[in-house]
Amino acid sequence: MSKKHPIISVTGSSGAGTSTVKHTFDQIFRREGVNAVSIEGDAFHRFNRKDMKSELDRQYAGGNVGFSHFSFEANELKELEKVFSQYGETGTGRTRHYVHDADEAEKYGVPPGEFTDWAPFEDGSDLLFYEGLHGSVVNDDVNIARHADLKIGVVPVINLEWIQKIHRDKEKRGYTTEAITDVILRRMYAYVHCICPQFTETDINFQRVPVVDTSNPFVARWIPTPDESLVVIRFRNPRGIDFSYLVSMIHGSWMSRANSIVIPGGKLDLAMQLILTPMINRLVSESKRA
Ligand SMILES: Nc1ncnc2c1ncn2[C@@H]1O[C@H](COP(=O)(O)OP(=O)(O)O)[C@@H](O)[C@H]1O
Ligand SMILES: O=C(COP(=O)(O)O)[C@H](O)[C@H](O)COP(=O)(O)O
């Protein structure tokens, strides 16, 4: 935690929607005049695509069939913790990009499956924004969660997450359904052991729940739309959250527990803006006074 240089981390599995949620944050940052530096969790993968393939073969040959991009040891989590810690102390740090597809290759000038070089953050930012797989990890080696001042979980129910991943990986990254299904299966051990535990560390979880049949996510022809879903928003510490204001502003919402509200899927952007804007403004104004 850093009063002077605050950090927001958005954590979600592959396909959960963290990149989509980043757009909402970017809108808030722009409207509120907040100068944020952003980092992607993928920048902290340990291996490029080719070396990851060799490492997977090596791990499998050694009997570690739980190894995947979700695993702690497939990522430079100490480096990520160092970046969080350094930013919190000095407002400086560095990041790079993992290039997934042809569009990103054109943008960054590096082939798909490779990293760009590390580059320092711009000076004078108001906060650091992280979006990726491991923004709230606590394990024997690192405690990333303790450095973040606001921790968000993006966690669709799993069938929906798989549908979102399959569609995105097919359309944007050119993978087949079979290849994506294989990746989902191979990542299951680390999903349970490395990804899920983070959602008890997060301050707010956004869980999209479809209200259409997603029983066989592997044949779904499209992603359920916002109107075909609800979102459960759960606050780890409900103290200070004005639920009656939220319920009155978000038409069709209701409280399902003392710390949770349910909203129509189409109101997710509005709900995020209503909930997050005052929190972000508080972090920034406290940082300027620190
Ligand atoms: N709230 C949402 N409603 C509808 N589609 C969504 C929503 N969130 C994400 N998606 C879709 O799911 C796919 C994966 O989302 P993305 O943000 O790329 O996930 P991540 O970055 O977490 O891997 C994308 O095709 C995106 O358009
Ligand atoms: O799982 C993730 C998380 O990112 P995202 O949330 O963007 O999927 C990896 O970055 C890619 O899958 C890398 O694998 P590949 O080299 O196969 O693209």
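The chain is numbered in sequence order, starting from 1. Since this is a predicted model, take the numbers as computed values, not measurements. In listed order, ligands and their atoms are each counted from 1.
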* Hey, is R208 close enough to E228 for a salt bridge, meaning N to O under 4.0 Å? ->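 E228 and R208: not salt-bridged.
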* Asked: Thinking salt bridges, do R96 and E114 make one under a 4.0 Å N-O criterion?
  ->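 Not counted as a salt bridge, because no side-chain N and carboxylate O are separated by less than 4.0 Å.
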For ligand 1, which part of [X] has a heavy atom less than 4.0 Å away: the side chain, the backbone, both, or neither?
X    : result
S229 : neither
I223 : side chain
K172 : neither

* Given R46, which of E76, E73, E55 fulfils the salt bridge (Lys or Arg N to Asp or Glu O under 4.0 Å) condition? ->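 Only one option passes, and that is E76.
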* To do: Out of H69, R187, E131, indicate the one that has the non-hydrogen atom closest to atom 1 (O) of ligand 2.
  =>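 Nearest heavy atom to atom 1 (O) of ligand 2 lies in R187.
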Report the nearest protein non-hydrogen atom to [atom]: residue, atom name, distance rounded to 0.1 Å.
atom                    : result
atom 21 (O) of ligand 1 : S19 OG, 2.4 Å
atom 12 (O) of ligand 1 : Q164 CB, 3.3 Å
atom 26 (C) of ligand 1 : T20 OG1, 3.8 Å
atom 19 (O) of ligand 1 : G17 N, 3.1 Å

* To do: Please work out which of the three classes, parallel, tilted or perpendicular, describes the rings of Y87 and H5, given edges at 30° and 60°.
  =>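 It falls in the perpendicular class, over 60°.
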* What atoms of ligand 1 come closer than 4.0 angstrom to any heavy atom of S14? ->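 Those qualifying, in numeric order: 23 (O).
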* What atoms of ligand 1 come within less than 4.0 Å of a heavy atom belonging to S13? ->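 So the atoms of ligand 1 that pass are 22 (O).
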* To do: Please round to the nearest 0.5 Å and tell me the distance separating atom CD1 of I195 and atom NE2 of H134.
  =>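 Going from CD1 on I195 over to NE2 on H134, the span is 4.0 Å.
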* Short question: side chain of N139, backbone of D141 - any donor-acceptor pair under 3.5 Å? ->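 Yes: the side chain of N139 pairs with the backbone of D141.
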* Tell me, please: is G15 in heavy-atom contact with ligand 1, that is, under 4.0 Å? =>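 Contact check G15 vs ligand 1: positive.
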* Can you tell me if R208 has a non-hydrogen atom under 4.0 Å from ligand 1? ->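 Flag set, R208 near ligand 1.
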* Are any of the N/O atoms in P226 less than 3.5 Å from those in ligand 1? ->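 By distance alone, the answer is no.
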